[in-house]
Structure formats: C-alpha cells, structure tokens
Amino acid sequence: MDNYSPPQEEQALYEENPRNSKHSGPGIASFVIALITLAGYIITFVVVGVNASSVTGGSDSFITNSAESIFYLGMSVLVLAAVNVIGAVIGIVGLTLRKRRRFFAVIGTIINGVILLLFMLMIATVLVNAGSA
C-alpha cells in the first residue's frame with residue numbers, strides 16, 4: 001500500500017474554510033432586488049392610495065382618475081413581479097455556487113419567493129371574486 005500524503009501547500013488548496021469564503025455575487029444581487037421591489041410595492045400602493053383618496057374627493061373626472069390609478073397600479077405590480085422572478089432566479093443561481101457564502105442568496109430567494117407567492121394569491125383572489133360577481 002502506498003501511504004502518500006500531499007505536501008502541506010496542496011492540502012491547503014483543497015480545504016474549505018467558510019470564514020475565508022466570499023458572499024456570492026448573485027446572492028447579493030437577489031437580496032438587493034428583493035429590497036428594491038419591496039420598496040417599489042410600498043411606494044406604488046401609497047401613491048395609488050393617495051390618488052384613490054383624491055378620486056373619491058368628489059372631482060368631476062372621477063372615471064378618468066380612477067382608471068388612470070388602476071392602470072398605474074396594474075402596470076407597476078406586473079413590472080415589479082417580473083423583477084421578482086428575475087431576483088428569484090438569480091437567488092437560486094447564488095445558492096448553487098460552490099465555495100461561497102449563501103446567506104444573502106437564501107434571504108433574497110425567500111423574500112422574492114414570498115412576494116411572488118403573495119402576487120399569485122392576489123391574482124387568484126381577484127379571479128375568484130370576478131367569477132362570483
């Protein structure tokens with residue numbers, strides 16, 4: 001039997017030291033995308049809420065203002081949901097990288113996934129209520 005052990009320098013190349021590994025770039029990107037879209041949803045709903053309160057204030061162009069507000073809400077939610085899909089995919093890529101920390105990738109993937117799940121739940125609720133009316 002050959003009891004060969006590589007020199008100390010070669011062993012150091014193959015050992016994984018989690019303290020020396022960097023955070024994954026896609027994981028950080030996924031986390032940042034999740035935070036940006038979360039802020040985007042909050043801003044969108046605040047702006048639409050302010051517009052809706054001014055619409056119900058008794059102006060003459062009630063239908064025009066409400067249609068514009070609903071259009072703005074719908075388009076911004078669709079764009080933000082598409083960005084969430086991109087963030088979730090990037091987060092999954094960040095989870096698959098070797099020798100990288102996965103902290104931001106896990107958090108980014110979870111936040112993007114929860115937002116997408118809530119978006120699908122909202123769409124399902126609207127479709128169920130539209131069918132019953």
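Considering CG of L116 and CG of L121, their distance stands at 12.5 Å, rounded to 0.5 Å. Taken to the nearest 0.5 Å, the CG atom of N84 stands 4.5 Å off from the CD1 atom of I115. We find the CD1-CG distance between I107 and L35 to be 9.5 Å, quoted to the nearest 0.5 Å. To the nearest 0.5 angstrom, L127 atom CG is 10.5 Å from M122 atom CE. Atom CD1 of I28 and atom CZ of R100 lie 9.0 Å apart (nearest 0.5 Å). Here T96 contributes atom OG1 and R102 contributes atom CZ; the two are 8.0 Å apart, rounded to the nearest 0.5 Å.
No continuous path of hydrophobic side-chain contacts links I70 to V126 [ILVMFWY only; heavy atoms under 4.5 Å]. Taken together through direct or relayed side-chain contacts under 4.5 Å among Ile, Leu, Val, Met, Phe, Trp and Tyr, V79 and I123 form parts of separate hydrophobic clusters. Each of L97 and I90 belongs to its own hydrophobic cluster when Ile, Leu, Val, Met, Phe, Trp and Tyr are linked at side-chain heavy-atom distances under 4.5 angstrom. Linking ILVMFWY side-chain heavy atoms closer than 4.5 Å, directly or via other members, places I111 and I92 in two distinct hydrophobic clusters. A continuous path of Ile, Leu, Val, Met, Phe, Trp and Tyr side chains, each step under 4.5 Å between heavy atoms, connects L118 with I110, placing both in one hydrophobic cluster.
When atom types are taken as modelled, the side chain of T37 and the backbone of G40 share no donor-acceptor pair closer than 3.5 angstrom. At distances below 3.5 Å, at least one donor-acceptor pair connects side-chain atoms of Y41 with backbone N or O atoms of A81. S76 contributes a side-chain N or O that, together with a main-chain N or O of Y72, makes up a donor-acceptor pair within less than 3.5 Å.
The shortest side-chain heavy-atom distance between F119 and L78 falls under the 4.5 Å cut-off. By the 4.5 Å heavy-atom criterion applied to side chains, L73 and F45 are counted as neighbours.
The two atoms that bring S30 and G87 nearest to each other are OG-O, 2.9 Å, heavy atoms only. Between G91 and A105 the shortest heavy-atom distance is O-CB, 3.8 Å.
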Test side-chain contact (heavy atoms from CB on, under 4.5 Å) on V89 and N112; report intermediate values, then the result. CA-CA 9 Å; V89 170; N112 283 313; over 6 Å; no

